[in-house]
Number of protein chains: 2
Amino acid sequence: MENTIGKILKEARELRRLSLREVEIQSGVSNAYLSQLENDKIKKPSANTLYKLSELFNINFDDLMVAAGIVEKKKDSSKTEGHFAFSSENLTGDEEKRLIEYLKFLRYQQKDDK
Amino acid sequence: MENTIGKILKEARELRRLSLREVEIQSGVSNAYLSQLENDKIKKPSANTLYKLSELFNINFDDLMVAAGIVEKKKDSSKTEGHFAFSSENLTGDEEKRLIEYLKFLRYQQKDDK
DNA sequence: TGCAATTGCTTGATAAAATAAGCGTTTGCT
DNA sequence: AGCAAACGCTTATTTTATCAAGCAATTGCA
C-alpha cells in the first residue's frame, strides 16, 4: 500500500544486509533513531539526516522524500508506487546486467505458461 | 561569500516582494520561524519545511540544500543513463518481488567474497 | 550446552525545531 | 497629525528530533 519512509529505509538496509549498528557507524545516525525511523515513529526528520541515509544507500534524495510522502511528487510521471530498489542508481553495473538477464528469464517463462 | 540558507531564503522572498507573514500564509511556516531561518539561527530544519519553501519560491530543492551547506555537492550526474528496464512501471508486482529476492541473493553472495 | 556477542527495539533525558504572543518601528490612510 | 495596520524580529513555550543506556531475543562459537 502506502510507501512510508520507514519501509523504504528498512528495505534499503536489508537489501544490503546491514545491521542498524552498521548503518549507525557508516551514517552517523544512531541505531535507536534508525529503528524509530524504520518504524515510522518520526514525522519530520531533518534534511541532514535524511540526506545522510540517502547517500549511504545510494538512493535519490528527491525520490526518497516523494516516496516517503514528505512531499507530493513534482512532475507528472504518474506512478509513485514504484519500488526503490531498482531506481538504477541503486545498482552496480554488474547487478544491473544480472537483473536484466533474470528479468528476461522470468518473462520467457511466463510466456510458456500461457 | 558563504551562501547560507538564510541568505537564499531571504533573497528569494524579497525578490517576490513578499512579507514574512505572506510567506507564512502561503507556506504554512510561521513568520517567527521564517525570520529565524533567514537569520541563520536554525541549524537543521526539517525536510518538510525546507521543501515547502523551495516549492513556494520555486527553487530547486537539491540546490537549496547544497547552497545551504546541508549537503556536499553531489558528484557526477553521469549516472543518469538511467535504465528503463527497472523503472517500476515496467514491472509487474510479481516481477518486482522476484527481482528483489534475486538482488538480495546477489548481494548475499558478494558479501561472502570478502 | 552455555556463554558472549549481536540483533532490533524501547525508554528517559536533552537539545533543537517550530510556534504563539508580543515588542518597537515603519507605512498608509483620512 | 494621528490612528491602524503591517512590518521584521525577539522571547517564552510547546513540540519534536535525536541520542545514550539498557532491555529481551537471537545468533555464533567453544
Side-chain angles (χ1 to χ4, degrees), chain A residues 4-57 61 64-65 67-72 84-85, chain B residues 4-57 59 61 64-71 100 104-105 107-114:
Chain A
T4 66
I5 207 180
K7 280 190 194 167
I8 292 163
L9 291 178
K10 183 162 192 170
E11 180 183 313
R13 179 176 63 84
E14 289 181 341
L15 207 55
R16 282 146 230 265
R17 305 188 144 262
L18 298 173
S19 71
L20 292 177
R21 282 173 178 80
E22 286 172 319
V23 174
E24 168 174 345
I25 292 170
Q26 294 183 39
S27 70
V29 178
S30 74
N31 73 81
Y33 189 53
L34 286 169
S35 176
Q36 290 172 232
L37 277 174
E38 290 191 356
N39 291 351
D40 293 312
K41 288 174 182 163
I42 304 296
K43 281 165 280 189
K44 302 165 102 170
S46 77
N48 300 262
T49 300
L50 239 42
Y51 182 80
K52 282 184 204 160
L53 296 175
S54 77
E55 201 177 27
L56 172 60
F57 294 140
F61 183 75
L64 175 59
M65 302 237 302
I70 288 178
V71 307
E72 321 90 51
F84 260 149
Chain B
T4 66
I5 326 177
K7 280 189 191 168
I8 293 167
L9 291 178
K10 182 162 193 171
E11 187 179 339
R13 178 175 63 84
E14 290 180 341
L15 205 57
R16 283 143 227 267
R17 298 208 162 71
L18 298 172
S19 70
L20 292 177
R21 282 175 178 79
E22 284 171 320
V23 173
E24 168 173 346
I25 291 170
Q26 294 184 41
S27 70
V29 178
S30 73
N31 72 81
Y33 189 55
L34 287 169
S35 175
Q36 290 171 228
L37 276 174
E38 290 191 355
N39 291 350
D40 293 311
K41 287 172 182 165
I42 305 297
K43 281 167 283 188
K44 301 166 95 171
S46 76
N48 300 262
T49 301
L50 239 42
Y51 182 79
K52 283 182 201 160
L53 296 175
S54 77
E55 200 178 27
L56 173 59
F57 295 140
I59 57 187
F61 183 74
L64 177 59
M65 302 238 302
V66 171
I70 288 177
V71 308
I100 285 179
K104 279 186 184 171
F105 169 69
R107 288 183 171 165
Y108 175 69
Q109 281 189 319
Q110 186 187 14
K111 195 172 183 179
D112 292 345
D113 296 342
K114 70 162 66 156

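Keep in mind that the numbers below use all heavy atoms, side chains included, and drop hydrogens, waters and symmetry copies. Lettering of chains follows the sequences in order, A, B, ..., and the numbering in each one begins at 1. Since this is a predicted model, take the numbers as computed values, not measurements.
- B:I42 comes within contact range of the sugar-phosphate backbone alone, with a heavy-atom separation under 4.0 Å but no base atom that close.
- Nucleotide C:dT10 holds its P atom 11 Å from the CG atom of A:L20, rounded to whole Å.
- The minimum heavy-atom distance between B:K44 and A:S46, with the atom names listed, is O-CB, 3.8 Å.
- Atom CG of A:L53 is separated from atom P of D:dA17 by 15 Å (rounded to the nearest Å).
- Between the CG atom of A:L18 and the C1' atom of C:dG8 there is a distance of 14 Å, rounded to whole Å.
- Note: CG (B:D40) to P (D:dT10) measures 13 Å, nearest angstrom.
- Closest of all the heavy-atom pairs between B:R13 and B:L18 is NH1-O, 2.8 Å.
- Side chain B:N31 to base D:dC9: a donor-acceptor pair is found below 3.5 Å.
- Using a 4.0 Å cut-off between a side-chain N of Lys or Arg and a carboxylate O of Asp or Glu, A:R16 and A:E22 do not qualify as a salt bridge.
- The distance from atom CG of B:L37 to atom CG of B:L9, rounded to the nearest 0.5 Å, is 6.0 Å.
- If you check D:dT16, D:dT10, C:dA17 against the side chain of A:K43, the one that comes closest is D:dT16.
- Ranked by how close their nearest DNA chain C nucleotide is to the 5' end, B:R21 and B:V29 are led by B:V29.
- If you take CD of A:Q36 and P of C:dT10, they are 8 Å apart, rounded to a whole angstrom.
- D:dA20 atom C1' lies 14 Å from atom CG of A:L34, rounded to whole Å.
- In this structure, B:S19 and B:A32 both approach DNA chain D, and ranking their closest nucleotides by distance from the 5' end singles out B:S19.
- Here A:K41 reaches the OP1 or OP2 of C:dT10: one of its side-chain N or O atoms lies under 4.0 Å away.
- Comparing B:S46 and A:S35 by the nucleotide of DNA chain C whose heavy atom lies nearest to each, the residue mapping closer to the 5' end is A:S35.
- Atom CG in B:N39 sits roughly 6 Å away from atom P in D:dT10 (whole-Å rounding).
- Around atom CD of B:E14, more than 12 heavy atoms belonging to other residues, nucleotides or ligands sit under 6.0 Å away.
- Checking C:dG8, C:dA17, D:dC9 against the side-chain heavy atoms of A:R13 singles out C:dG8 as nearest.
- With rounding to whole Å, B:K52 atom NZ is found 12 Å from C:dA17 atom C1'.
- For A:S30, whose side chain is taken as the heavy atoms from C-beta onward, the closest listed nucleotide among D:dC9, D:dC19, D:dC7 is D:dC19.
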